[in-house]
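All remarks here apply to the structure that follows.
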There are 2 protein chains.
Amino acid sequence: MRMSEGVEWGLHCCVTLAWLEAGTPVPTARLAAQYELPPPYLSKCLQALVRGGILVSSAGKKGGVRLARPPTEISLLDVVLAIEGSDYAFRCNEIRQRGMGSSAPASDFLQPCAIAAAMHEAERGWRKELAKTSLADLASSAPRKAVDSTRHFFAS
Amino acid sequence: MRMSEGVEWGLHCCVTLAWLEAGTPVPTARLAAQYELPPPYLSKCLQALVRGGILVSSAGKKGGVRLARPPTEISLLDVVLAIEGSDYAFRCNEIRQRGMGSSAPASDFLQPCAIAAAMHEAERGWRKELAKTSLADLASSAPRKAVDSTRHFFAS
DNA sequence: GGTCCATTACTCGGATAGCTGGTGTCCGAGTCGGACGGG
DNA sequence: CCCGTCCGACTCGGACACCAGCTATCCGAGTAATGGACC
C-alpha cells in the first residue's frame, strides 16, 4: 500500500498558502518552482483540491489558487481525501460468500464480515486522527525562519 | 490509495485455518477452491505470509500450510504488514528542503517535517488499532453455521 | 511379518506475461490587467 | 482628464503518452506417502 505523491505535494502547498495568509492567488507554477516539482503534474494534483472545495482558482493574469477557507477550518483529512479519493483503502469483496458450492442462502450473511468491520474500524480511527489536525496547526509549528524565507520567495 | 487484494485473501485464509485449528497442513489449492480464487496467485500471496513467519509450509504429499502460532498470537497487523510490506503508506521525500535556491543549510531542517510527523502519527494509531485484534477474535465472532460448513468442506 | 527402497503423485517456490492506475507532459479555452485611443 | 475598447499575456483545465506495481499464470525442484520386493 502506498500513498500518492500528490498528497505530500498538496499538503506542503496548502501549508505554504496558509503561511502567506493572503487573499491574493498564487500561480501553481510558482508553487512548483518552490519545491522543484513538475509544474503540470502539480497543477493536476491541485485541481483535485479545487474540486474538493479546499482551494479556489482564479484564471487570467494575477490568477492562481488560494485557500477556500481559513486554515483552521481545513484538516489534513480533507486534503488527503480530496486527492486520494474517499474510498476506504481496504475494500471487502465478500469473498466469504463465494465458493463451497455457492449454495449458501443470502440470509447467512446478514451480519457484516468481521474482517471488513475490523479493517474499516481501524481506518475510521486513522481518519479521525487526521481530522484532528488542521493546516493552522501545521503552519504554526514551523520555525519562523522557514516561514520568513518562504514569504520572501513569494514576495518577489 | 488502495490496499492489495491479497490482504483480504490472506486474512480470510488465516481465519479459516484458525477455525480448523488443526496441526494438519492445508493445501493452498484447497483454500483457493473455497473462495473461488485463482490458485497460483493465492499461493503467491500466502508465500508472503510464510516469509513473515505467520504461516509454515510443508512440501510433498499431505503437505500445505498451517498457522505458525496460536491464533491468539497473530494480529491483523501482522498479516497486513506481511503482505503489504512494513513501509508507511505516506513517505516523506523532504520536498521542503528543495527549491528556493536550495541554498538553505541542513541545520534548518533538524526538526522533523511536521506534515510527515502528523501523517505517521495517524498511521501509527491505525497500526495500533489493527494490532489489538487477533485472528482468534475474528474466528470466534463468526456464526457457528459458517464455521461448521467450512469444517465440513475441508474434511472431505 | 518386518524392513528397506524405488516409485509416484502431490506440494510449494520462483521466474515469467498482462493490465490497471499513478506519473509526467502537452496544448487549448478562458479571463483578467493594462495600454491605447477617443471623447 | 476620464472612459470604453482592444490587445496581449498569463492562468487554469482537460486530453494524451509513459512507467511501476499489482494481478494472473505457468512450470520446475523437492518431499513425504505408498506400494512392492527382499530378508
Side-chain angles (χ1 to χ4, degrees), chain A residues 1-10 13 17 23-33 35-68 80 82-87 89-91 93 95 154, chain B residues 1-10 13 17 23-33 35-68 80 82-87 89-91 93 95 154:
Chain A
M1 189 174 51
R2 186 181 160 190
M3 191 166 283
S4 183
E5 291 274 322
V7 172
E8 184 184 6
W9 300 2
C13 288
L17 291 172
T24 63
V26 176
T28 61
R30 191 123 188 101
L31 286 167
Y35 295 114
E36 285 178 0
L37 302 175
Y41 186 41
L42 177 65
S43 173
K44 181 183 177 67
C45 293
L46 296 184
Q47 276 177 37
L49 293 178
V50 173
R51 289 195 202 94
I54 294 165
L55 300 180
V56 287
S57 61
S58 332
K61 225 168 188 176
K62 298 276 184 182
V65 295
R66 59 180 174 82
L67 294 177
V80 171
I83 294 180
E84 284 287 328
S86 56
D87 290 344
F90 180 88
R91 253 159 275 185
N93 294 110
I95 65 172
F154 281 96
Chain B
M1 189 175 47
R2 188 182 160 187
M3 192 166 285
S4 182
E5 292 273 322
V7 172
E8 184 184 5
W9 300 1
C13 288
L17 291 172
T24 64
V26 176
T28 61
R30 192 126 188 97
L31 286 167
Y35 295 114
E36 284 177 1
L37 303 174
Y41 186 41
L42 176 65
S43 172
K44 182 183 177 64
C45 293
L46 295 184
Q47 278 177 36
L49 294 178
V50 172
R51 287 198 203 92
I54 294 165
L55 300 180
V56 288
S57 61
S58 332
K61 226 168 188 177
K62 299 276 183 180
V65 295
R66 60 183 173 81
L67 295 177
V80 171
I83 294 180
E84 285 287 330
S86 56
D87 291 344
F90 180 88
R91 253 160 278 183
N93 295 110
I95 66 171
F154 281 97

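The sequence lines fix the lettering, A, B, ..., with proteins before strands; numbering per chain opens at 1.
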Atom pair distance, as rounded to whole Å: CD in A/Glu5 and P in D/dG21: 11 Å
Gap between atoms NZ and P, on B/Lys61 and D/dA32 respectively (whole Å): 14 Å
field: Options C/dG22, C/dG21, D/dA24, nucleotide nearest the side-chain atoms of B/Trp9
entry: D/dA24
message: Distance check needed: D/dA32 P versus B/Lys62 NZ, whole Å only.
response: 15 Å
All pairs passing ring-ring contact (aromatic ring centres under 6.0 Å, His included) where residues 38-68 of chain A contributes a residue, at least two apart: A/Trp9-A/Tyr41
task: For A/Arg2, check salt bridge (Lys or Arg N to Asp or Glu O under 4.0 Å) against everything at least two apart and list the hits.
output: A/Glu5
- line: Protein heavy-atom contacts under 4.0 Å, written 5' to 3' over nucleotides 12-19 of chain C as B (base), S (sugar-phosphate only) or - (none), form the string SBB-----
statement: Hits for ring-ring contact (aromatic ring centres under 6.0 Å, His included) against A/Tyr35, two or more places apart or cross-chain, chain-then-number order -> A/His12
- request: Would you please name every residue forming a side-chain contact (heavy atoms from CB on, under 4.5 Å) with A/Ser58, sequence neighbours left out?
  value: A/Pro25
task: Let me know the distance between CE of A/Met1 and C1' of C/dG21, rounded to the nearest Å.
output: 16 Å
d(CD1, B/Ile83; P, D/dC22) in whole Å: 12 Å
- prompt: What residues form a ring-ring contact (aromatic ring centres under 6.0 Å, His included) with B/Phe90, not counting sequence neighbours?
  reply: none
field: Nearest-angstrom distance from the residue atom CG of A/Leu42 to P of C/dT25
entry: 12 Å
